[in-house]
Amino acid sequence: MAEPFVDLGFARVDTDRAERCGFPEVIFGAGKTPEEVVAIGRVLLEKNGVVLVSRATAEQHRALATIYPTARWHERARCLTVELKPWPKSAGTVGVICAGTSDLPVADEAAVTLEIFGNKVDRIADVGVAGIHRLLAVRDRLESCDVLIVAAGMEGALPSAVAGLVSKPVIAVPTSVGYGASFGGLAALLGMLNSCGSGVTVVNIDNGFGAAYAAAQITRLLRPGGSGNQ
């Protein structure tokens with residue numbers, strides 16, 4: 001029986017991941033040459049029809065776009081996507097909320113990840129607790145979503161505030177935004193881990209991708225039959 005991966009020498013590309021996990025393997029672009037991203041991307045596109053490169057570079061985009069002209073470079077999200085065949089759509093909507101405009105790179109990474117994997121996204125920016133009325137003004141939009149991703153730096157208070165307003169799962173993403181005592185997002189991480197908001201789940205610092213993947217797994221369960229298998 002053939003192995004469920006393709007050995008390129010420098011990488012063993014997991015071609016079976018969509019069947020096991022519901023979504024294809026994603027390329028982590030950091031540290032990879034443009035040529036390596038192209039080689040891995042070619043395998044994944046032949047198998048799945050879509051590819052996502054997280055923490056990508058403009059050089060990687062240019063290399064991939066020479067072969068796949070529809071390759072998109074999402075500069076602020078630091079993501080690269082190619083969509084030859086759209087991924088099946090998931091039911092429901094994921095809200096991607098960020099405390100401040102400075103948190104948008106992490107929020108955009110989450111949104112791009114969700115969209116390439118077939119999710120409808122409602123993006124809500126700059127509703128941090130420094131002006132809580134801004135959050136209250138979008139309460140109905142928050143409640144209309146099925147899952148909420150909330151990105152915040154500084155003291156990381158926004159996910160607690162959101163969780164106290166809505167009945168939906170909240171996935172908190174600490175960002176590295178803030179002054180010295182924020183310790184590159186550690187203060188926000190600890191604040192979120194100690195949230196008094198019930199049911200808040202926390203991912204790693206700046207990990208918009210991880211939050212999006214978890215949210216996408218939840219929305220897959222909303223499909224008829226419940227399993228969400230492709």
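Sequence positions, counted from 1, serve as the residue numbers for this chain. Heavy-atom basis, side chains included; hydrogens, waters and symmetry copies ignored.
For Arg55 and Phe209, the positive end is not near the middle of the six-membered ring at less than 6.0 Å and at most 45° from its axis.
Here the closest non-hydrogen pair linking Pro174 and Leu189 is CB-N, 3.5 Å. Closest approach of Gly156 and Pro159 over heavy atoms only: O-CD, 3.5 Å. Ala151 approaches Val106 most closely through the heavy-atom pair CB-CG1, 4.4 Å. For the residue pair Gly197 and Ala163, the shortest heavy atom distance occurs at CA-CB, 4.0 Å. Nearest heavy atoms, Pro4 versus Asp14: O-OD1, 3.7 Å. Considering every non-hydrogen atom in both Val51 and Leu45, the closest pair reads N-CD2, 3.8 Å.
With hydrogens and angles disregarded, no donor-acceptor distance shorter than 3.5 Å links the side chain of Asn119 to the backbone of Glu115. Here the side chain of Asn207 pairs a donor or acceptor atom with the backbone of Gly210 at under 3.5 angstrom. Counting only distance, with no hydrogens or angles, the side chain of Ser176 and the backbone of Gly184 share no donor-acceptor pair below 3.5 Å. When atom types are taken as modelled, the side chain of Arg134 and the backbone of Gly131 share a donor-acceptor pair closer than 3.5 angstrom. With hydrogens and angles ignored, the 3.5 Å screen pairs a side-chain donor or acceptor of Gln60 with a backbone N or O of Lys32. Using a distance-only test at 3.5 Å, with no hydrogens or angles considered, a donor-acceptor pair links the side chain of Lys168 to the main chain of Glu143.
Within 6.0 Å of CD on Glu59 lie more than 12 heavy atoms contributed by other residues, nucleotides or ligands. The 12-atom threshold is exceeded at CG of Asp7, counting heavy atoms of other residues, nucleotides or ligands nearer than 6.0 Å. Counting non-hydrogen atoms of other residues, nucleotides and ligands closer than 6.0 Å to CZ of Arg72 gives a total of 12 or fewer.
A 4.5 Å side-chain heavy-atom check between Thr81 and His74 finds at least one atom pair inside the cut-off. For the pair Leu44 and Val13, the minimum side-chain heavy-atom distance is below 4.5 Å. Within the 4.5 Å cutoff, no side-chain heavy atoms of Tyr213 are placed close to those of Leu114. With contacts defined as side-chain heavy-atom distances shorter than 4.5 Å, the pair Val170/Thr201 does not qualify. With contacts defined as side-chain heavy-atom distances shorter than 4.5 Å, the pair Phe117/Ser90 does not qualify. A 4.5 Å side-chain heavy-atom check between Ile40 and Leu8 finds at least one atom pair inside the cut-off. Residues Leu80 and Thr57 are not in side-chain contact: their nearest non-hydrogen atoms beyond the backbone lie 4.5 Å or more apart. Within the 4.5 Å cutoff, no side-chain heavy atoms of Arg17 are placed close to those of Phe23.
Glu109 has no carboxylate O lying under 4.0 Å from a charged side-chain N of Arg76, or vice versa, which leaves the two without a salt bridge. The existence of a salt bridge linking Arg123 and Asp108 is confirmed by a sub-4.0 Å separation between a basic side-chain nitrogen and an acidic carboxylate oxygen. In this structure, Asp122 pairs ionically with Arg141, as a charged nitrogen and a carboxylate oxygen lie closer than 4.0 Å.
Atoms CE and OG, from Met154 and Ser102 in turn, are 7.0 Å apart once rounded to the nearest 0.5 Å. A distance of 8.0 Å separates CD1 of Ile97 from CD1 of Ile149, quoted to the nearest 0.5 Å. Note that CE of Met192 is 9.0 Å distant from CD of Glu155, once rounded to the nearest 0.5 Å. Expressed to the nearest 0.5 Å, how far CD of Glu83 lies from OH of Tyr68 amounts to 14.5 Å. The CZ atom of Phe5 sits 11.0 Å away from the CG atom of Asp16 when rounded to the nearest 0.5 Å. Residue Ser54 holds its OG atom at 13.0 Å from CD1 of Ile116, rounded to the nearest 0.5 Å.
Using a 30° and 60° split on the angle between ring planes, His61 and Trp73 fall in the parallel class, below 30°.
Placement of Leu136 and Val127 within a single hydrophobic cluster is found when ILVMFWY residues are connected by side-chain heavy-atom separations under 4.5 Å, directly or transitively. When the side chains of ILVMFWY residues are joined at heavy-atom separations under 4.5 Å, either directly or via intervening members, Ile218 and Val121 end up in a single hydrophobic cluster. Both Val162 and Ile124 sit in one connected hydrophobic cluster of ILVMFWY residues. Membership requires side-chain heavy atoms under 4.5 Å apart, directly or through other members. If you chain together hydrophobic residues whose side chains sit under 4.5 Å apart, Val129 and Val138 fall into the same group. In the hydrophobic clustering of this structure, Phe28 does not group with Leu64; members are Ile, Leu, Val, Met, Phe, Trp, Tyr whose side-chain heavy atoms approach within less than 4.5 Å, directly or through other members.
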CA sep, side-chain torsions, deciding dist, call: Ile27, Leu52, side chain to side chain contact (heavy atoms under 4.5 Å, CB included): CA-CA 6 Å; Ile27 303 172; Leu52 167 65; over 6 Å; no
Stepwise side chain to side chain contact (heavy atoms under 4.5 Å, CB included) test for Leu165 and Leu135
CA-CA 10 Å; Leu165 292 173; Leu135 179 65; 3.8 Å; yes
Report the C-alpha distance between Asp126 and Leu104 in whole Å, list the side-chain angles of each, state the deciding distance to 0.1 Å, and finish with yes or no for side chain to side chain contact (heavy atoms under 4.5 Å, CB included).
-> CA-CA 9 Å; Asp126 199 20; Leu104 275 172; over 6 Å; no
As a quick check of understanding, evaluate side chain to side chain contact (heavy atoms under 4.5 Å, CB included) for Ile171 and Leu148, giving each step before the final call. CA-CA 6 Å; Ile171 303 172; Leu148 297 168; over 6 Å; no
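Between the side chains of Thr93 and Asp146, no donor-acceptor pair of N or O atoms lies under 3.5 Å. With hydrogens and angles left out, the side-chain atoms of Thr175 and Asp206 include no donor and acceptor closer than 3.5 Å.
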